[in-house]
*Asks:* 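Dumping the structure here so I can ask a few things about it.
No experiment lies behind these values; they were computed from the predicted model shown. Residue numbering restarts at 1 for every chain, and letters A, B, ... go by the order of the sequence lines. For the numbers below, each heavy atom of this structure counts, side chains included, while hydrogens, waters and symmetry mates do not.
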Number of protein chains: 4
Amino acid sequence: MVNKVILIGNVGGDPEVRYLDGGVAVARFSLATSEVYNNKNGERVTQTEWHNIVLWRRLAQTAEQYVKKGMMLYVEGRIRTRSWDDQNGVKRYTTEIYGDNFQMLSRKQDGNDRSQDTPMPPAPDLSAGSDDSDDLPF
Amino acid sequence: MVNKVILIGNVGGDPEVRYLDGGVAVARFSLATSEVYNNKNGERVTQTEWHNIVLWRRLAQTAEQYVKKGMMLYVEGRIRTRSWDDQNGVKRYTTEIYGDNFQMLSRKQDGNDRSQDTPMPPAPDLSAGSDDSDDLPF
Amino acid sequence: MVNKVILIGNVGGDPEVRYLDGGVAVARFSLATSEVYNNKNGERVTQTEWHNIVLWRRLAQTAEQYVKKGMMLYVEGRIRTRSWDDQNGVKRYTTEIYGDNFQMLSRKQDGNDRSQDTPMPPAPDLSAGSDDSDDLPF
Amino acid sequence: MVNKVILIGNVGGDPEVRYLDGGVAVARFSLATSEVYNNKNGERVTQTEWHNIVLWRRLAQTAEQYVKKGMMLYVEGRIRTRSWDDQNGVKRYTTEIYGDNFQMLSRKQDGNDRSQDTPMPPAPDLSAGSDDSDDLPF
DNA sequence: TTTT
DNA sequence: TTTT
């Protein structure tokens with residue numbers, strides 16, 4: 001059984017992070033992936049898909065520090081759909097991407113901030129997030 | 001921008017296929033991926049995720065013929081969330097996987113049917129589905 | 001930086017396992033992925049690609065016990081090319097897939113063994129291998 | 001059978017493109033993916049893996065125009081190992097990645113060129129390459 | 001809500 | 001060297 005998602009897109013907003021009882025961190029943010037195609041009239045159409053990204057524990061904490069609105073991000077994870085009852089007692093579903101790994105592919109992209117011209121920091125374990133720390137390469 | 005999903009799971013029901021005006025085929029079926037883990041009490045827990053698979057055109061027609069409830073299937077595709085208004089006028093969202101490719105990894109798995117012991121058919125282009133037909137390997 | 005490989009294929013031979021000084025286990029086996037296409041003469045051609053799979057530590061030990069020649073296997077990993085000098089002093093290269101994860105998708109497939117008709121074992125952590133043990137699903 | 005590779009890395013040199021008899025274009029270039037880890041002495045080590053990327057036909061032509069040394073690139077493809085006899089009559093193997101798709105994730109990254117500060121071109125179908133042109137999103 |  |  002395999003449930004794997006690979007996304008490269010732009011971060012829609014700074015992560016919202018909270019800490020559960022017990023101290024487990026959870027970060028949430030949206031990620032946009034856009035697809036461009038020509039419709040039947042030959043017009044160029046951009047379709048944007050918004051993904052709800054959820055990160056846990058160490059990944060959440062790394063995201064809290066480094067992930068910013070506008071960044072281009074690589075996220076690897078899995079699909080998780082959870083249900084809840086709305087105020088009308090109707091069962092509703094929300095699909096989220098639980099990230100197991102991410103990589104920042106750019107600095108913040110907004111025009112007010114020139115830090116995008118600065119190289120990425122040396123960033124010991126910071127420029128990449130993963131649930132397995134200090135993994136040897138073999 | 002990349003939006004890629006890779007699933008290996010079991011088909012929840014035979015595909016439902018319909019043909020749009022213009023003759024475009026659309027097939028839908030559910031696919032279960034299960035994840036087994038040990039919870040904090042050390043108990044073994046199975047969590048099953050159901051995915052709504054949607055296939056179009058040639059892939060839909062191949063699925064109509066060959067995909068059956070219980071099969072193990074590889075599906076490669078992308079996430080697509082669409083919205084609609086429910087009877088209370090509330091905006092609702094449904095997330096689907098638009099498949100770009102699939103592979104049958106087993107015959108039907110349910111217990112009433114012994115066909116699983118039969119070898120796969122020779123199946124010219126049939127045991128694998130793809131949107132690019134007759135693609136040369138280079 | 002991402003270097004990710006996803007393979008589904010048939011195991012070419014039982015894993016060869018050895019233990020390094022220090023007790024680290026390394027398992028090696030080949031995996032065949034076949035691609036079928038129609039050549040320019042319209043003939044059906046099967047092209048088989050052989051991959052050298054290398055697993056380390058806990059994954060190697062799981063493979064030693066459960067992976068058998070003929071099985072259909074899912075392997076997720078990364079590409080690693082290493083160089084060595086041959087007897088003529090010529091630099092040679094070998095490309096391997098370091099597996100980070102695998103799943104058995106079938107029992108042994110050879111005809112003498114009827115175990116393929118038996119359902120998969122309950123297999124606590126056995127039917128799936130991973131480098132992160134007891135990972136909570138969040 | 002699945003043989004899928006996903007890479008994000010930096011282009012090692014401008015593509016070399018040639019045209020086979022019959023006019024089929026083939027582009028080749030190297031792509032570096034780096035992995036950073038802590039070795040057993042606790043030192044930070046960077047390991048770079050070089051991949052031989054091969055693109056065909058329309059993808060090759062897009063690469064010829066747009067892919068440049070230093071760019072960060074997403075490449076999706078498959079592993080292909082081919083053999084040849086060297087001057088000593090020894091069978092040698094070369095592993096390549098046949099790309100089925102690619103995306104430019106940045107402009108050229110080297111320091112002499114300030115074009116990286118320029119936004120990407122509007123680029124009709126150019127900023128993304130794929131073997132299926134004008135594919136509708138369903 | 002992002003980005004080109 | 002596998003498998004269909």
*Asks:* In this structure, how many angstroms lie between the P atom of E/dT1 and the CD atom of A/Q47, rounded?
*Replies:* 18 Å
*Asks:* In terms of side-chain heavy atoms of A/A32, which of F/dT3, E/dT1, E/dT2 is nearest?
*Replies:* E/dT2
*Asks:* Check whether NZ of the Lys or CZ of the Arg C/R80 lies under 6.0 Å from the centre of the six-membered ring of C/Y98 and within 45 degrees of that ring's axis.
*Replies:* yes
*Asks:* Starting from C1' on F/dT4, measure out to CG on B/L105 and report it in whole angstrom.
*Replies:* 12 Å
*Asks:* Of the candidate nucleotides E/dT2, F/dT1, F/dT2, which contains the atom at the shortest distance from the side chain of D/M1?
*Replies:* F/dT2
*Asks:* Any sub-3.5 Å donor-acceptor pair from B/N3's side-chain atoms to B/I79's backbone N or O?
*Replies:* yes
*Asks:* Please state how far atom CE in A/M71 lies from atom P in E/dT4, giving the value in whole angstrom units.
*Replies:* 14 Å
*Asks:* Using atom CD1 of C/I8 as one end and atom P of F/dT3 as the other, report the distance to the nearest whole Å.
*Replies:* 17 Å
*Asks:* Have a look at C/T46 and say if it touches a base, only the backbone sugar-phosphate, or nothing, with a 4.0 Å heavy-atom cut-off.
*Replies:* nothing
*Asks:* For the base of F/dT1 and the side-chain ring of C/W50, does the geometry meet a stacking cutoff of under 5.5 Å between centres and under 30° between planes?
*Replies:* yes
*Asks:* Rounded to whole angstrom units, what separation is found between the CG atom of A/L73 and the C1' atom of E/dT4?
*Replies:* 17 Å
*Asks:* Starting the side chain at C-beta, find the nucleotide from F/dT3, E/dT3, F/dT1 nearest to A/S34.
*Replies:* E/dT3
*Asks:* To the nearest Å, how far apart are C/L7 CG and F/dT1 P?
*Replies:* 21 Å
*Asks:* With a non-hydrogen cut-off below 4.0 angstrom, is C/T48 in contact with a base, only sugar-phosphate, or nothing?
*Replies:* base
*Asks:* Between B/Q103 and B/V75, is there a donor-acceptor pair closer than 3.5 Å when you use the side chain of the first and the backbone of the second?
*Replies:* no
*Asks:* Can you sort out the partners of B/R82 under side chain to side chain contact (heavy atoms under 4.5 Å, CB included), two or more places apart, ordered by chain and number?
*Replies:* B/R28, B/W84, B/T94, B/E96
*Asks:* List the residues meeting side-chain hydrogen bond (donor to acceptor under 3.5 Å, both in side chains) with D/D14, not counting sequence neighbours, and say none if there are none.
*Replies:* none
*Asks:* In whole angstrom, give the distance that lies between atom OH of D/Y74 and atom P of E/dT4.
*Replies:* 20 Å
*Asks:* Between P on F/dT2 and CD1 on C/I97, what's the gap in Å once rounded to a whole number?
*Replies:* 20 Å
